[in-house]
Amino acid sequence: MLQFKLVLLGDSSVGKSSIVHRFVKDSFDEFRESTIGAAFLSQTIKIEDKGSQQEVVIKFEIWDTAGQERYKSLAPMYYRNANAALVVYDVTQQDSLAKAQGWVNELKTKVGEDDLVICLVGNKLDLCSGEEENSSKPKAVESSEAEGYASEQGLLFHEVSAKTGEGVRQVFQSIGEKLYESKKHELAASKGRHGVGETGNVQLQRPSTNDATSCCS
Ligand SMILES: Nc1nc2c(ncn2[C@@H]2O[C@H](COP(=O)(O)OP(=O)(O)OP(=O)(O)O)[C@@H](O)[C@H]2O)c(=O)[nH]1
């Protein structure tokens with residue numbers, strides 16, 4: 001089993017916790033409370049090795065950070081040593097894309113582009129479907145704008161709804177596949193350099209906090 005550390009970043013209320021809860025527990029809460037500090041959850045997925053067509057199990061150790069401004073200084077503690085980052089914005093709030101872009105810049109400066117898979121995620125797609133008359137809102141961030149930015153920056157890009165579940169699994173699946181491919185290349189390169197293979201479980205960076213379950217929203 002491969003283990004990867006993943007962090008969620010983004011403005012308050014964009015739906016970071018809701019995306020994680022949809023992925024880990026397949027549930028959604030209309031009245032979710034804002035996260036305090038950060039929350040930790042984990043989930044495994046299976047991906048297919050394209051060469052051998054064998055299934056590979058990937059475990060994500062997920063740090064869901066608090067988006068409120070007063071917790072901003074804590075974020076480096078959670079993105080340090082991360083293998084992947086989900087940078088989330090709300091498709092109905094243009095400002096939230098600017099905040100997401102700020103996080104992308106910070107990650108690229110502080111963690112480095114080669115060490116981190118970054119996925120830009122536009123959430124709350126259901127609000128723009130026009131199906132729910134009472135809650136429906138105009139789409140403030142066009143897909144082409146966010147997608148163009150993501151491709152310029154070399155990021156993965158997805159639009160999702162934590163409420164309906166649309167697209168959520170694909171986010172983690174595509175991150176898992178990308179991390180697995182880079183891990184394979186890394187192992188092949190190290191095998192070439194040292195003339196020896198690596199077998200068994202591969203442990204990647206772990207969260208630096210001792211008690212992973214101590215802080216929850
Ligand atoms: N309609 C709709 N509402 C959503 C969706 N995702 C989240 N919400 C709602 O948006 C609000 C904020 O969601 P959270 O998941 O707490 O947002 P967050 O980004 O974790 O917020 P912080 O913890 O403050 O950083 C909650 O009321 C959710 O029910 C979605 O996909 N569609």
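Numbering of ligands and ligand atoms starts at 1, following listing order. In what follows, every heavy atom counts, from backbone to side chain, and hydrogens, waters and symmetry copies are set aside.
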Item to check | Qualifying residue for side chain to side chain contact (heavy atoms under 4.5 Å, CB included) with Ser161, from Ile19, Asp126, Val91 | outcome: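 The passing option is Asp126.
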Checklist entry - What residues sit with at least one heavy atom under 4.0 Å from ligand 1? => result Asp11, Ser12, Ser13, Val14, Gly15, Lys16, Ser17, Ser18, Phe28, Asp29, Glu30, Arg32, Ser34, Thr35, Ala66, Gly67, Asn123, Lys124, Asp126, Leu127, Ser161, Ala162, Lys163
Next on the checklist: Here's a test for you: under side-chain hydrogen bond (donor to acceptor under 3.5 Å, both in side chains), which of Ser12, Ser13, Ser34 qualifies with Gln68?
Outcome noted: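 The single option meeting the side-chain hydrogen bond (donor to acceptor under 3.5 Å, both in side chains) with Gln68 is Ser34.
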Checklist entry - Hey, mind stepping through Lys163 and Lys124 against side-chain contact (heavy atoms from CB on, under 4.5 Å) and telling me if it holds? => result CA-CA 7 Å; Lys163 184 172 179 176; Lys124 308 198 185 182; over 6 Å; no
Checklist entry - Is the closest basic N to carboxylate O distance between Glu159 and Lys139 below 4.0 Å? => result yes
Next on the checklist: With a 4.0 Å cut-off on N to O distance, would you call Asp95 and Lys99 a salt bridge?
Outcome noted: no
Checklist entry - According to the interplanar angle, ranging from 0 to 90°, do the rings of Phe172 and Phe60 count as parallel (below 30°), tilted (30 to 60°) or perpendicular (above 60°)? => result perpendicular
